[in-house]
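In what follows, a single structure is set out as structure tokens and then discussed.
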Amino acid sequence: MFVTPAYAQAAGAAPSSGGSIAVLVGQFVLLGAIFWFLIIRPQQKKLKEHRAKIDAVKKGDTVVTGGGIIGKVTKVEEHEVEVEIASSVKIKVVKATLTDVQPLGGAKPAND
């Protein structure tokens, strides 16, 4: 009474799968492009800027290491940096472990 009859597909007609594969491949390409522009590309750009900042470190800059040590650069070598963390206390740090570089005479604290 309330049920409408279901009309089955004609017996001789086969489903077309050629169009559905193209749509599926198109969706994967679109999804890949979205990931590229929203995730991968900005991450690569940020990594490139960070690498340039680390390569440009020079004597007198204030640096932060991956372990959270803050100090002033006293000597720069090819792969290492000598950092003064306290008065007459110097340590050698691998450049790749630096997380931040503040140039000499950079921003001053807000409360000074």
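Summarising the geometry, atom NZ belonging to Lys46 is positioned 8.5 Å from atom CD belonging to Gln43; distances are rounded to the nearest 0.5 Å. Taken from CD1 in Ile85 to NZ in Lys90, the straight-line distance is 12.0 Å, to the nearest 0.5 Å. Here the straight-line distance linking atom CG of Leu98 with atom CD1 of Ile54 works out to 4.5 Å at 0.5 Å rounding.
For the side-chain contact (heavy atoms from CB on, under 4.5 Å) test with Lys45, the passing option among Arg41, Glu49, Lys48 is Glu49; the others fail. Here the rule is side-chain contact (heavy atoms from CB on, under 4.5 Å) with Val81, and of Val101, Val94, Asp61, Val73 only Val73 fits it.
Applying the side chain to side chain contact (heavy atoms under 4.5 Å, CB included) rule to Leu24 yields the partners Gln27, Phe28; only residues at least two apart in sequence or on another chain are considered. The salt bridge (charged side-chain N to carboxylate O under 4.0 Å, His left out) search around Glu80 returns Lys92, not counting sequence neighbours. Residues passing the side-chain hydrogen bond (donor to acceptor under 3.5 Å, both in side chains) test with Glu82 are Thr74, sequence neighbours excluded.
Within 6.0 Å of NZ on Lys72 lie no more than 12 heavy atoms contributed by other residues, nucleotides or ligands.
Across all their heavy atoms, Val76 and Lys59 have their closest contact at CG2-N, 3.9 Å. The minimum heavy-atom distance between Thr62 and Ile70, with the atom names listed, is CG2-CG2, 3.9 Å. In this structure, Pro42 and Leu38 approach most closely via the heavy-atom pair CG-O, 3.8 Å.
With contacts defined as side-chain heavy-atom distances shorter than 4.5 Å, the pair Asp100/Val63 does not qualify.
Both Leu31 and Ile39 belong to a common hydrophobic cluster when Ile, Leu, Val, Met, Phe, Trp and Tyr are linked at side-chain heavy-atom distances under 4.5 angstrom. Grouping the Ile, Leu, Val, Met, Phe, Trp and Tyr side chains by contacts below 4.5 angstrom, directly or via other members, places Val83 with Val89.
The backbone N or O of Thr97 lies less than 3.5 Å from no partner atom in the side chain of Thr65, so there is not a single donor-acceptor pair.
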Evaluate the criterion side-chain contact (heavy atoms from CB on, under 4.5 Å) for residue pair Ile91 and Val93; output intermediate values, then yes/no. CA-CA 6 Å; Ile91 58 172; Val93 179; 3.9 Å; yes

